[in-house]
Amino acid sequence: MNNLNWYFPKTIKEATDLITKEKVLFHAGGTALLPRNLDKINGFINLSDLPLHYFKKENDTVEFGSMNTYANIVSKIYEIDSENILLKSLQTSADTPLRNRITIGGSIAFAPPWSDIIGALIVLDAKILLSGENNGDFPIEKFLQNPKLKQNSLVTGIKFNLSNWKSFSYRNIRTKKDMPAFHIVAMLKIENEIIQDSKIIITGTVNRFDKIIEVENYLKNRKIDDIEFSQIEKLVDVKFTGKRFSDPEYSQKLVGIELGRGIKKLVRNL
Ligand SMILES: Cc1cc2nc3c(=O)[nH]c(=O)nc-3n(C[C@H](O)[C@H](O)[C@H](O)COP(=O)(O)OP(=O)(O)OC[C@H]3O[C@@H](n4cnc5c(N)ncnc54)[C@H](O)[C@@H]3O)c2cc1C
C-alpha cells in the first residue's frame, strides 16, 4: 500500500486547491472510504477543520454545511420542522454510531443506491452548494445526473425551503441495521381534504431514483375520500436489479404496496 499523506486544510480554497493534486480524495465521515482499495490513492484531504459544520435558517430557507452528520441534521430539523422529510428519512438510517459519522457532503458525492438522504433532497428540490472547479448552487437532480459537476469540486452545503406539505418515508429493510433495498419518500400538499399536489421518489431502483409521476397525476386534485389505495399500487412501475438483497419482482410488487400504505396512513392521520 502507498504511504498515505494527510492534508488538513483550514479554508475551502486550500481544500479545493489540494483536490487538483493527483490521486487524493476528500475525507469527510470516512464511512465509504474504509472498504475501498487504497492502493491507487496517495492521500486524503481531511475536511474536519473547514467551516462546514454550520446551520443557518433565514425565513423559510434552511442551509446546512456539508460536514453536518445525519445525527446533526435530525436534531436540528426536529427543533424547527418535525414534519420534515429529511428528519423522517434519516432518523432511523444505519445505526447511531454511523449517523454520528456519515456527513451530508460524503453522502451526496457518493450517493449509493441505499442512500437515505437522496430521495428526501429531491422531493425538497434541494440545491447543492459547490466550490472549486464548479462553483455555485445546483439542483440536486442536475448534480446527480452530471458527474462532471463532482470533478475537482467540494460539496460545501445544501439549501432548501421549509414547507407545510405532509410527508412520509419508508425504508425497506430486513433488520434494523440493514441498508435499505429501496427507500420511498413522498410529500403531499393537502388543502380542504383535497390533494393539491405531490412529489414521490423511490431510490434504490435500476435508474438510482425514479419519480412516480403516474401516482402524482392520479392524486392531483383528488379528494382524500376518493383515493383507491389499491389503484396506487398498480400505478407504480419501477425496476430493481436484484443483485442486492432480494428478488427484483418481489421488490417491484412490494414497493407499490408500501407506497399505497404510506399514502393511506398519511391522509388518514390528518
Ligand atoms: C455499514 C454501513 C451501513 C450504512 N448504511 C447506510 C444507510 O442505511 N443509509 C445511508 O444513507 N447511508 C448508509 N451508510 C453510509 C453510506 O454508505 C456512505 O458510507 C456515506 O454516505 C458516505 O458519507 P461520509 O461522510 O462517510 O463520506 P466519505 O466516506 O468521507 O466520502 C465518500 C466519498 O465522497 C467524497 N466526499 C466526501 N465529502 C465530500 C465533499 N464535501 N465534497 C465532495 N466530495 C466529498 C469522498 O472523497 C469519497 O469519494 C452506511 C455505511 C456503512 C459503512
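Counting starts at 1 for both ligands and their atoms, in listed order.
Taking any N or O of His27, backbone or side chain, none lies under 3.5 Å from an N or O belonging to ligand 1. For ligand 1, the polar-atom distance check against Ala28 finds a nitrogen or oxygen pair separated by under 3.5 Å. The distance criterion of under 3.5 Å between nitrogen or oxygen atoms is not met by Ile117 with respect to ligand 1. Residue Gly29 has at least one nitrogen or oxygen atom sitting less than 3.5 Å from a nitrogen or oxygen atom of ligand 1, judged on distance alone. Looking at Leu25 next to ligand 1, no N or O pair under 3.5 Å apart turns up. At a 3.5 angstrom cut-off on N or O pairs, Leu154 does not count as close to ligand 1.
With respect to Lys127 and Asp125, no salt bridge is recorded, no charged nitrogen being found less than 4.0 Å from a carboxylate O. Salt-bridge formation is detected for the pair Glu141/Lys211: a Lys NZ or Arg NE/NH1/NH2 atom is positioned less than 4.0 Å from an Asp or Glu carboxylate oxygen.
Between the side chain of Ser115 and the main chain of Ala111, no donor-acceptor pair closer than 3.5 Å is present.
Against a heavy-atom cut-off of under 4.0 Å, Pro180 is close to the following atoms of ligand 1: 8 (O). Of all atoms in ligand 1, listed by their number and element, those nearer than 4.0 Å to a heavy atom of Ser66 are 41 (N). Each of the following atoms of ligand 1 lies closer than 4.0 Å to a heavy atom of Ser153: 43 (C). Each of the atoms 11 (O) of ligand 1 lies under 4.0 Å from some heavy atom of Ser115. When each atom of ligand 1 is checked for a heavy atom of Ala109 under 4.0 Å away, the hits are 34 (O), 35 (C), 36 (N), 43 (C), 44 (N), 45 (C). Close approach to Gly105 involves these atoms of ligand 1, each under 4.0 Å from a residue heavy atom: 38 (N), 39 (C), 41 (N).
With a 4.0 Å heavy-atom cut-off, ligand 1 is reached by the side chain of Leu47 but not by its N, CA, C or O. Within the 4.0 Å heavy-atom criterion, the part of Leu98 lying near ligand 1 is the side chain and not the backbone. Contacts with ligand 1 closer than 4.0 Å are made by heavy atoms of both the backbone and the side chain of Trp114. Contact annotation for Ser107 and ligand 1: heavy atoms of both the backbone and the side chain come within less than 4.0 Å of the ligand.
A side-chain contact (heavy atoms from CB on, under 4.5 Å) with Ile45 is found for one member of Asn5, Ile19, Asp17 and no other, namely Ile19.
In this comparison of Lys150, Met179, Met67, the heavy atom closest to atom 5 (N) of ligand 1 sits on Met179. Considering only non-hydrogen atoms, atom 40 (C) of ligand 1 lies nearest to Val155 out of Val24, Leu129, Val155. Taking each of Lys177, Arg101, Arg171, His183 in turn, the one with a heavy atom nearest to atom 8 (O) of ligand 1 proves to be Arg171.
Looking at residues two or more places apart in sequence or on another chain, you find a side chain to side chain contact (heavy atoms under 4.5 Å, CB included) between Ser251 and Phe182, Phe240, Ser246. Residues forming a salt bridge (charged side-chain N to carboxylate O under 4.0 Å, His left out) with Lys189 (at least two apart in sequence, or on another chain): none.
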*Might you work through the side chain to side chain donor-acceptor pair (under 3.5 Å) test for Ser48 and Asn46, ending with a clear yes or no?*
CA-CA 6 Å; Ser48 317; Asn46 188 301; 2.5 Å; yes

_Apply side chain to side chain donor-acceptor pair (under 3.5 Å) to residues His183 and Ser169 and explain how you reach the verdict._
CA-CA 7 Å; His183 192 149; Ser169 135; 3.0 Å; yes

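Using the six-membered ring where Trp is involved, Trp114 and Phe110 have ring planes that are perpendicular, over 60° apart on the 30 and 60° scheme.
Tracing side-chain contacts under 4.5 Å through hydrophobic residues (I, L, V, M, F, W, Y), one reaches Leu124 starting from Ile140; they form part of the same cluster.
Interatomic distance, CD of Glu258 versus CG of Asn172, reported as 7.0 Å (0.5 Å rounding).
Contact between Tyr70 and ligand 1 is present, with at least one heavy atom of the residue lying under 4.0 Å from the ligand.
Atom CD of Glu249 is surrounded by 12 or fewer heavy atoms from other residues, nucleotides or ligands within 6.0 Å.
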